[in-house]
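Notes follow the structure.
Excluded from the calculations below are hydrogen atoms, water molecules and symmetry mates; all remaining heavy atoms, backbone and side chain alike, are included.
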Amino acid sequence: MRKLYILVVDDSRLMRRMIGDILAEMPQVGRIAFANDAVSAQSLLQEEQPDVMTLDIEMPDMNGIMFLDRIMAGCPLPVVMVSALTSAGAEASLTALEKGAVEVVAKPTGLDGMTRFRDELADAVTFAASAHVDGVTRGAIACRQVGEERPLAEPELIGIAASTGGVAALATILPALPANFPPIVVSQHMPAPFVERLASRLQLRLSRDIAVAKDGERLRRGMIRFAPGHRHLLPMAGKKGLLCTLSDAPPPLGHTPSADLMFAAMARLGLPTIGVVLTGMGRDGTIGLSELHATGSSVIAQDRDSCVVYGMPRAAVEAGVVDEILPLTAIAARISTFWQPSVGKVAGQ
């Protein structure tokens with residue numbers, strides 16, 4: 001098996017050494033190169049293309065976002081951003097994810113954070129090595145029906161799950177949905193500060209009711225609520241409609257927030273809903289989608305060609321719990337065909 005070649009780009013000698021030491025411990029990594037700025041990194045990229053690049057956001061002359069733009073426009077490769085866990089760092093990190101970075105790893109803030117940083121960096125590099133960052137399907141393609149065709153039903157609630165590549169995917173889907181849509185709940189695998197910033201920037205960009213969910217909050221039409229990065233979002237039926245409930249339950253597959261728990265909670269509502277599983281590593285969502293699918297609700301999976309990582313959608317497809325497979329650019333339009341405005345729905349006006 002061929003071992004990975006990793007390029008580490010960071011203006012801090014300490015961070016270069018720290019990242020290099022972590023990568024050197026990974027058995028799948030065979031070669032590591034280093035650059036202290038974008039110019040040096042560009043020179044290395046002209047000679048040969050690494051399998052993965054780790055990229056610092058704050059660098060002199062040309063910052064990581066500008067360099068990422070240049071890379072993705074010219075010769076795309078999987079990039080893991082290494083960012084300070086600050087408001088400015090979180091904002092820049094989300095911009096990087098929208099521009100095509102595969103993952104973001106927060107720099108350690110002290111000795112206590114080193115174990116977390118080591119584990120997250122190793123996971124991110126492993127994920128990135130299998131990521132699909134070029135040739136992604138851009139056009140809307142007709143859906144692929146993979147199960148018995150079900151009659152269209154107006155959904156009371158939409159649930160979306162995503163992980164690696166999810167920020168860019170959500171930035172494509174959410175703006176294309178009508179403003180007076182049934183409520184949407186989202187489980188995106190990200191650290192809590194990044195989820196807060198993601199919801200805030202989408203709210204400003206789309207001028208819609210988008211926020212991180214609060215426990216006990218009523219779900220109404222037009223609302224989009226994200227699970228906090230450290231808790232699960234479980235929609236429940238209350239006396240006056242659907243409610244957000246937040247849970248600290250152990251996740252079935254170790255992911256918090258858990259797509260499995262969110263979709264399973266949707267299944268227990270006994271209402272017509274739609275489950276959507278987007279790009280991401282692993283199998284989170286498949287167990288919950290199997291329960292949701294069994295209730296008669298519709299399940300849509302993003303297709304392989306438009307996924308950064310075809311892990312979560314593939315697991316759901318292989319489990320036989322998906323009704324339709326769609327490219328990213330066709331998902332919002334397809335969801336919209338399920339819905340017609342009506343009055344007196346459980347989710348509220």
**Step-by-step salt bridge (Lys or Arg N to Asp or Glu O under 4.0 Å) determination, Arg201 to Glu98** = CA-CA 12 Å; Arg201 69 190 276 144; Glu98 288 185 354; 3.4 Å; yes
**Stepwise side-chain contact (heavy atoms from CB on, under 4.5 Å) test for Leu219 and Val185** = CA-CA 9 Å; Leu219 286 165; Val185 289; 4.1 Å; yes
**Request:** Please report the C-alpha distance between Val79 and Met81 in whole Å, then the side-chain angles of each, then the deciding distance to 0.1 Å, and finally whether the side-chain contact (heavy atoms from CB on, under 4.5 Å) criterion is met.
**Result:** CA-CA 6 Å; Val79 176; Met81 304 301 294; 3.7 Å; yes
**Worked verdict on Glu156 versus Arg221 for salt bridge (Lys or Arg N to Asp or Glu O under 4.0 Å)** = CA-CA 9 Å; Glu156 301 280 357; Arg221 289 191 179 277; 5.2 Å; no
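The heavy-atom pair separating Ala129 from Leu4 by the smallest distance is CB-CD1, 3.7 Å. Across every non-hydrogen atom of Phe263 and Gly159, the tightest pair is CE2-O, 3.6 Å. The two residues Ile32 and Ala24 come nearest to each other via the heavy atoms CD1-N, 3.7 Å.
No cation-pi contact links Arg16 to Phe34, judged by a cut-off of 6.0 Å to the six-membered ring centre and 45° from its axis.
Here CG of Asp303 is found 8.5 Å from CG of Leu328. Values are rounded to the nearest 0.5 Å. Note that the CD atom of Glu291 and the OG1 atom of Thr286 stand 12.0 Å from one another [nearest 0.5 Å]. Going from atom CZ of Phe117 over to atom CE of Met18 covers 6.5 Å, rounded to the nearest 0.5 Å. To the nearest 0.5 Å, atoms CG (Leu77) and CE (Met53) are separated by 5.0 Å. Between Leu97 atom CG and Gln188 atom CD the span is 8.0 Å, to the nearest 0.5 Å. Within the model, atoms CZ of Phe181 and CZ of Arg208 stand 8.5 Å from one another, a figure rounded to the nearest 0.5 Å.
Counting heavy atoms from C-beta outward, Val167 and Met190 have side chains that approach closer than 4.5 Å. Side-chain contact check for Leu271 versus Leu242: some heavy-atom pair is nearer than 4.5 Å. Counting only heavy atoms from C-beta outward, the side chains of Glu196 and Phe226 never approach each other to under 4.5 Å. Considering only heavy atoms from C-beta on, Val82 comes within 4.5 Å of Lys107 through its side chain. The side-chain heavy atoms of Ile57 and Asn63, taken from C-beta on, include no pair separated by under 4.5 Å. Put simply, the side chain of Cys244 reaches to within 4.5 Å of the side chain of Leu233, judged on heavy atoms. For the pair Val133 and Val102, the minimum side-chain heavy-atom distance is below 4.5 Å. In this structure, Val195 and Leu198 have side chains that are not in contact, with every pair of non-hydrogen atoms separated by 4.5 Å or more.
Cluster partners of Leu261, using a side-chain heavy-atom cutoff of under 4.5 Å among ILVMFWY residues and allowing indirect links, are Leu234.
Using modelled atom types, one side-chain atom of Lys3 and one backbone atom of Pro27 make a donor-acceptor pair closer than 3.5 Å. Although no hydrogens or angles enter the test, the distance criterion places no donor-acceptor pair under 3.5 Å between the side chain of Arg220 and the main chain of Pro183. Judged by distance alone, the side chain of His232 and the main-chain N or O of Ala249 form a donor-acceptor pair under 3.5 Å. Here the side chain of Ser43 pairs no donor or acceptor atom with the backbone of Val39 at under 3.5 angstrom. Between the side chain of Thr172 and the backbone N or O of Ala168, at least one donor-acceptor pair lies under 3.5 Å. Using a distance-only test at 3.5 Å, with no hydrogens or angles considered, a donor-acceptor pair links the side chain of Gln49 to the main chain of Pro76. Using a distance-only test at 3.5 Å, with no hydrogens or angles considered, no donor-acceptor pair links the side chain of Glu91 to the main chain of Thr95. The backbone N or O of Met59 sits nowhere less than 3.5 Å from a side-chain atom of Asp11 that would complete a donor-acceptor pair. Side chain of Ser336 to backbone of Ala332: a donor-acceptor contact under 3.5 angstrom is found. For Arg334 (side chain) and Leu326 (main-chain N/O), no donor-acceptor pair under 3.5 Å exists by modelled atom type.
Of the residues listed (Asp248, Thr245, Val212), the one engaging Arg231 in a side-chain contact (heavy atoms from CB on, under 4.5 Å) is Asp248, and it is the only one.
Here Arg118 does not pair with Asp21 in a salt bridge; the nearest charged N to carboxylate O distance is not below 4.0 Å.
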Extract all donor-acceptor atom pairs below 3.5 Å that involve side chains of residues 273-285 and protein atoms in other chains or at least two apart in sequence.
| from | atom 1 | to | atom 2 | distance (Å) |
| --- | --- | --- | --- | --- |
| Thr273 | OG1 | Ser297 | OG | 2.9 |
| Thr279 | OG1 | Thr164 | O | 2.7 |
| Thr279 | OG1 | Val308 | N | 3.1 |
| Thr279 | OG1 | Val309 | N | 3.0 |
| Thr279 | OG1 | Val309 | O | 3.3 |
| Asp284 | OD1 | Ala259 | N | 3.3 |
| Asp284 | OD1 | Asp260 | N | 3.2 |
| Asp284 | OD2 | His189 | NE2 | 2.7 |
| Asp284 | OD2 | Ala259 | N | 2.9 |

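In Arg17, the CZ atom is not crowded: 12 or fewer heavy atoms of neighbouring residues, nucleotides or ligands sit closer than 6.0 Å.
Listed by chain and number, the residues in a side chain to side chain donor-acceptor pair (under 3.5 Å) with Glu120 are Arg116 (sequence neighbours excluded).
Donor-acceptor pairing under 3.5 Å is lacking for the side chains of Asp123 and Thr126.
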